[in-house]
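This chain uses plain numbering: 1 for the first residue, then up along the sequence.
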Amino acid sequence: MITPYETYQNAIGVKISFIIAKEDSDKPRFTPHDSSLQLLTYRAYEWRSLKHEGFKLRPGLGKGNEVLISWKYIEQREPTWAELLITKFGNPKVEHNPLEEHFSIDGKATAFYLGYPLKDGSFLTPEEQFQAVINASTLQAFAKLKAARESMHKRMGNSSRGLWPGLMNDLNGFREVLKLRFSGNTHTLPTSERRIREDLKGFAQLSYEYYVDGRKRNTSAAKVATNKQQAFIEALLRKNNNYNNEQVAEFYNIAAQTMGWKAIDASTVANYRKELGLWVTSGNSGTTDFRNNISMQNKRSAPSVSMVYWTVDGWDAELLYQRKETNKNGHEITTYHNRLTVVIVLDPVAGIKYPIGYAIGTHETPELIAEALRNAANHTAELFGSRHKVHQLQSDRYGIKKMAPVYEGVSAYYTPAQAHNAKAKVIEPYFSYLNKQCQKYFPNNWSGFGVTARKENQPNADYTQMIRHSLPDEAGCRAQIERLIQMERDAKVEEYMERWNMLPEEDKLPMSDTEYLMLFGQTHTHTNRLQGEGFTPTLLGETLVFDTFDARFRELRYMDWAVKFDPSDLSKVLVLNAKCDGNRKVTEILGTHRFILEQKYVQPMALYDRQDGDAEKLAEVKSFNKQLEASVMDRMQHTQQLLDETFAEYPALNDTLTKMVLTNSAGQHKDQRNETRAVKAKKQRIELPPVAPKNYEIVDEDIRNNY
């Protein structure tokens, strides 16, 4: 391998012939090499030798000794020269690889691969030819290095058993040497001792033809000639055990020996693995891989209007925050690698991709998904004036048993993605977009593009480590994410509303308060009953009063009610009949009766404090009470009519005390009833010792009409 570099007295030098320019005279003082860069004239060389200390590393004295120019001088004083030398000959500071001494391009290999006819009459492509030449040349250099080391060990009386680790290390390191020399191209020889031994054996048998694709060789077609032979290979490749090429060849050759077939090697199996990929993938890689990479995929267009399709998924926000923790020894430690998870509900309407809902947590859970959908429902109220459901919702199958009722509750059609079908997640590209926005707006604690991204696209890890103490805490990181989502909404809301207005009114799906609280309401631990002042649960540490103008709720005042409420909005609650224990703790929600109760309007005591709307609310209550009392009177009249008809139908009841109690013409039937009770009590009268009377006073105040 041609190189201008030479080491002299532990320093690197560059041979003068590789940088000297051709002289005009017939008797040049230095003869330039064919690969000389011609960077320096002889006159300039002499002047620098006299004036610049450290320019010349070695004088050209003695046979075979060429003048060496100091590489250190070139790096410091002539960086352009250094760059040109590295570009053409590589960096001299790269550690020397022993294979360089044995490597050269094999001219015979070049001629063989250039003219080798394939079985279909075509020839190898230029890329295939070049790769085969590099591999054949490298393998021969490796064989020479192996022989030289074995000979040296034998002369020294040592065993050659431990040579292979060093040989493989040199072979793998030689890739970088070839990359420098051949513009990024390198050999593709195996990296394991077992496989390189097979390459040496195979090359010894087939020579240059070994590096021709087995399916294209003139001689390989006859190895697997029948359908039965191919069936053996196909069945072995399809096995879920995922046998490698060598194992498949071994199992095949066992049968081949019995059947009288030709043996095959791993390269033949590798060719069939590619050729039979369609037929064996589902067996050795699974149905998921088959569907994602081989099956035909549907191409779908984005929704044309708002609120017809939502998709929901979790995103690990690439924003770092610091968190203080106490370890098992009781010591406080601070970690700086923490990230938050954001569940986003996305409306991917064409050209917009609007984040209709989101929730932030430390990791994805069904509860966090429900919170994101609750945020989406409430955001629709902010946008449209009332909560609305979406026509179709799609999610992955995480927590589907627990989340299905919620998914179905917020949509007309819930269509979960097919299991393990990552292509159904149209939200994934949106996460990538959000990550780029994080990089743009929050560069100090942005953590990068993920472990699979290219290193040059990642943030400077050393700088991040240096500023780690300035990373935000969890609250600060949450604020960053909330700001990011708000910026997204602000930028897109106008167009999103235009698409909403394009949706016909009959296709809009309002969500009632009952539906919302059934899906997302927090359940109070204890039951309550309707009291005279109203329904008075204690929520979030405060006793509140609720009521409803639905008279049916007063008919069921004897029931125990469980309460579902939205912690962020206590203006309304949903109550459902429930069972409870002796401490009124909820044991079971029945839900056969349910009512929406509104927080009671507070009237001022003093007329002086009245404001606009107070009188209307007071009138509304009075009107309800008036109607309620009228309903009671109507029911009493209807009941009396039924009694009168009954007594007329059954005359035998006329002389009974029951009729006298129920139909006293003076309207004092209670006196008759009480008299009847007194008669019964007299029969069971028990004499009690006299009790001294207590002094008491009756205060008769009419307070019923004060308010």
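A salt bridge links R529 to D560: at least one charged side-chain nitrogen sits closer than 4.0 Å to a carboxylate oxygen. The residues R374 and D566 are annotated as salt-bridged, a charged nitrogen and a carboxylate oxygen being separated by less than 4.0 angstrom. Salt-bridge formation is detected for the pair R478/E474: a Lys NZ or Arg NE/NH1/NH2 atom is positioned less than 4.0 Å from an Asp or Glu carboxylate oxygen.
Side chain of K402 to main chain of P366: no donor-acceptor pair is present (N/O by atom type, distance under 3.5 Å, no hydrogens or angles). At distances below 3.5 Å, at least one donor-acceptor pair connects side-chain atoms of D550 with backbone N or O atoms of R552. Of the possible polar contacts, none joining the N577 side chain to the W561 backbone as a donor-acceptor pair under 3.5 Å is found. Of the possible polar contacts, none joining the R387 side chain to the E515 backbone as a donor-acceptor pair under 3.5 Å is found. Counting only distance, with no hydrogens or angles, the side chain of N583 and the backbone of K585 share no donor-acceptor pair below 3.5 Å. Of the possible donor and acceptor atoms, one in the side chain of N338 sits under 3.5 Å from a partner among the backbone N and O of Y321. No donor-acceptor distance shorter than 3.5 angstrom exists from the side chain of K600 to the backbone of T548, with no hydrogens or angles considered. Proximity of a side-chain donor or acceptor of H524 to a complementary backbone N or O of Q522 within less than 3.5 Å is not detected. Looking at T587, its side chain does come within 3.5 Å of a backbone N or O of K579 through a donor-acceptor pair.
Here OG1 of T341 is found 10.5 Å from CD1 of I360. Values are rounded to the nearest 0.5 Å.
Side-chain contact of Y496 with D347: a donor-acceptor pair under 3.5 Å is present, judged by distance alone. Using modelled atom types and a 3.5 Å distance limit, the side chains of S447 and E318 yield a donor-acceptor pair.
No more than 12 heavy atoms of other residues, nucleotides or ligands shown are found within 6.0 angstrom of CD on E494.
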